[in-house]
Protein chains: 2
Amino acid sequence: MPATPPSKPAARRRAATRPESGPGLGDGPLYLGLQRSLARSLAERRWPPGSALPSETRLAAEHRVSIGTVRKAIDALVAGGMLVRRQGRGTFVASHTPDRLLFHFFHVVARDAPAASPRELPSTRLLSFRHARAGAGVAEALAIAPAARVLRVENLLHLQGRAVLFDEITVAAARFPRLDRARLERREGTIYGLYESDYGIDVVRSTERLSAVACPARIARLLGLAPGDPVLRIRRVAYGWGDRPVEHRVSWVDTRTHEYLSDLWKRGPDPRG
Amino acid sequence: MPATPPSKPAARRRAATRPESGPGLGDGPLYLGLQRSLARSLAERRWPPGSALPSETRLAAEHRVSIGTVRKAIDALVAGGMLVRRQGRGTFVASHTPDRLLFHFFHVVARDAPAASPRELPSTRLLSFRHARAGAGVAEALAIAPAARVLRVENLLHLQGRAVLFDEITVAAARFPRLDRARLERREGTIYGLYESDYGIDVVRSTERLSAVACPARIARLLGLAPGDPVLRIRRVAYGWGDRPVEHRVSWVDTRTHEYLSDLWKRGPDPRG
DNA sequence: TTCGATTTGTTCGTATGTATT
DNA sequence: TAATACATACGAACAAATCGA
């Protein structure tokens with residue numbers, strides 16, 4: 001028996017990588033096309049956060065690809081934090097729970113805390129909510145006009161009962177209609193959860209730039225520092241689907257008792273023997 | 001025809017996930033066992049940095065697993081930065097080239113530089129090389145005794161022709177015998193490349209903790225700052241195979257012209273539609 | 001409690017495309 | 001051109017987790 005003959009000889013739409021595009025997955029490898037297609041569906045809220053995607057079997061049938069191709073497409077979105085797999089249950093759209101915040105977006109921890117130790121969720125106190133104009137720097141980060149209206153929120157964050165971090169958040173007012181101080185204060189969960197639930201805006205990634213600066217007097221007062229004391233300043237831009245900027249945030253951190261932890265690993269099974 | 005009958009009905013060593021361990025891959029899923037096995041081989045320098053691993057076909061045959069399982073094991077090591085795939089050529093052991101330094105370990109960039117812009121490699125000037133004792137903090141980080149002998153190196157790093165960063169590097173003297181100032185100064189490539197080529201010690205990951213501090217007088221002089229000016233201090237611990245600490249490093253960064261960039265993404269095809 | 005249906009997780013094997021030498 | 005190596009794709013079978021009947 002010279003090896004099993006091609007028991008499934010033909011009838012497939014394509015052999016392996018296909019030079020032409022299939023029905024509607026775009027060009028390039030199939031799994032990338034499917035990945036883009038799924039990302040687009042997620043951006044359009046076809047499956048809202050927290051809900052389950054169709055099973056891999058169904059997705060494979062609907063898109064006319066094999067289940068292995070579906071898995072590879074989903075793998076990338078799971079690695080990017082947009083989807084969550086649960087064996088025996090299904091694949092779910094990631095939601096902005098406190099857990100996700102801690103894992104993906106909040107990097108300030110108690111000094112000398114082990115990298116793998118459980119992190120503490122900060123408690124937030126809203127200090128101010130104002131309407132303003134973007135200005136040059138924020139405008140560039142948010143890809144809006146410098147004169148565009150923005151909302152500016154100031155928060156004081158506590159860790160271990162201590163004021164550690166002052167946040168200045170700026171978002172385009174046009175994207176968050178009717179957002180007001182009351183709504184912010186009575187929210188449950190994180191601000192990103194509010195963006196998600198009230199406005200259908202998902203933050204999917206962020207970049208942060210850190211520098212050391214002399215603490216402004218007002219912030220020093222809030223953090224219990226002397227004016228001019230060194231503080232860690234973090235400028236974060238948070239992006240949504242399609243790399244569209246959603247939020248500009250500047251944080252000032254009192255690093256006497258806390259610090260910024262940049263691990264850069266811990267995803268999937270540890271690849272170090 | 002009720003679907004192709006199982007044309008390959010038996011003879012496999014195992015069916016799917018196997019409760020028992022195979023030849024020597026340990027417990028758990030096969031691909032994890034293989035991943036650990038490969039990591040161990042890499043740690044033992046079975047294939048030196050820059051060299052090619054056996055082909056996936058060969059690895060599959062040697063370990064008596066399918067090629068898909070081999071690919072999954074290698075995928076994780078590639079994601080961790082220990083291996084590099086090159087289509088048509090093979091899979092290679094990652095070496096500590098300047099490129100790898102920039103991508104995985106060096107995060108200081110010019111202010112407001114786009115996140116995706118090409119980064120600049122710093123030029124290094126060695127300021128001092130001394131023998132010393134570890135002391136409490138370093139000892140804990142390096143998992144050695146506080147009285148253990150260490151080597152301490154001070155470097156001044158320039159970016160865009162400007163002194164931007166002061167480095168204080170500490171390693172256990174026992175692991176780097178006969179390392180001296182002359183060898184450090186005449187090295188080509190990065191310090192991690194020297195660890196690799198001269199001592200067979202690979203840095204595979206690092207954690208960094210950032211805080212803002214008042215600049216010590218001596219460092220201020222070197223960086224062109226006034227004593228007490230805010231500087232960004234980075235405490236890095238670099239780890240080798242098996243999460244063994246290799247190096248303790250404290251960096252002081254002048255963040256008037258440069259900043260620390262924490263992207264946390266950009267690996268693999270972008271999962272955002 | 002047991003059992004079956006459903007869904008993801010793991011493994012195998014094969015075929016073919018694409019890049020390199 | 002031929003051989004080799006990784007990349008993509010398909011499909012099948014079984015394991016493990018989950019949930020509800």
Side-chain angles (χ1 to χ4, degrees), chain A residues 1-22 25 27-35 52-61 63-78 83-92 268-269, chain B residues 1-22 25 27-35 52-61 63-78 83-92 268-269:
Chain A
M1 60 330 182
T4 54
S7 58
K8 193 71 70 65
R12 284 300 311 166
R13 187 161 50 84
R14 50 188 99 68
T17 54
R18 139 251 62 224
E20 294 293 317
S21 69
L25 294 178
D27 55 350
L30 264 187
Y31 75 93
L32 277 182
L34 179 54
Q35 181 181 321
L53 263 64
S55 74
E56 298 175 345
T57 314
R58 277 180 58 82
L59 285 172
H63 291 87
R64 317 284 227 71
V65 299
S66 78
I67 193 170
T69 301
V70 171
R71 285 187 65 80
K72 191 157 182 177
I74 291 180
D75 280 345
L77 295 167
V78 169
L83 295 179
V84 177
R85 282 201 159 105
R86 277 178 251 174
Q87 185 176 357
R89 306 232 289 134
T91 302
F92 298 80
Chain B
M1 56 335 180
T4 53
S7 57
K8 192 71 68 67
R12 284 302 310 167
R13 186 161 50 85
R14 52 186 99 66
T17 54
R18 137 251 68 222
E20 295 294 316
S21 68
L25 294 178
D27 55 349
L30 267 185
Y31 73 93
L32 279 182
L34 179 53
Q35 181 181 321
L53 263 65
S55 74
E56 297 176 345
T57 313
R58 278 178 57 82
L59 285 173
H63 291 87
R64 320 283 228 71
V65 299
S66 79
I67 193 171
T69 301
V70 171
R71 283 188 66 81
K72 194 158 180 177
I74 291 180
D75 280 345
L77 296 167
V78 169
L83 295 179
V84 178
R85 282 203 162 103
R86 275 177 252 177
Q87 184 175 0
R89 306 230 289 136
T91 303
F92 298 81

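The chains referred to below are lettered A, B, ... by the order of the sequence lines, with proteins before strands, and numbering in each begins at 1. Both backbone and side-chain heavy atoms feed into the values below; hydrogens, waters and symmetry mates do not.
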* To do: Return the set of residues passing side chain to side chain donor-acceptor pair (under 3.5 Å) with B:R86 (not counting sequence neighbours), or none when no residue passes.
  => none
* Asked: In chain order, what residues pass the side chain to side chain donor-acceptor pair (under 3.5 Å) check against A:T69, with sequence neighbours excluded?
  -> A:S66
* To do: Take atom CZ of B:R64 and atom P of C:dG13, then tell me their distance rounded to the nearest Å.
  => 11 Å
Nucleotides 2-5 of chain D: which of its N/O atoms have a protein N/O under 3.5 Å away?
none

* **Spacing between B:F92 atom CZ and D:dC6 atom C1', to the nearest angstrom** => 11 Å
* Would you mind reading off the distance between A:L53 atom CG and C:dT6 atom P, rounded to a whole angstrom? => 19 Å
* To do: Using Watson-Crick or G-U wobble geometry with both distances below 3.5 Å, tell me the partner of C:dT1, or none.
  => none
* **Spacing between A:I67 atom CD1 and D:dC10 atom C1', to the nearest angstrom** => 11 Å
* Asked: Between C:dG17 atom P and A:L30 atom CG, what is the distance in whole Å?
  -> 13 Å
* Asked: CG of B:L83 versus C1' of D:dC6: gap in Å, rounded?
  -> 13 Å
* Asked: With a 4.5 Å limit on heavy-atom distance, are the side chains of B:T91 and B:L77 in contact?
  -> no
* How close or far is atom C1' of C:dT8 from atom CZ of A:R85, stated in whole angstroms? -> 7 Å
* Grab the two heavy atoms, one from A:A73 and one from A:Y31, that are nearest each other, plus how far apart they are. => CB-O, 3.5 Å
* Spacing of A:K72 atom NZ relative to C:dG9 atom C1', expressed in whole Å -> 17 Å
* Among D:dT8, C:dC12, D:dA9, find the nucleotide with the atom closest to the side chain of B:R71. => D:dT8
* To do: Sequence neighbours left out, what passes side chain to side chain donor-acceptor pair (under 3.5 Å) with A:R85? Give chain and number order.
  => A:E56, A:D75
* Asked: How would you list, by chain and number, every residue that makes a side chain to side chain donor-acceptor pair (under 3.5 Å) with B:R89, sequence neighbours excluded?
  -> none
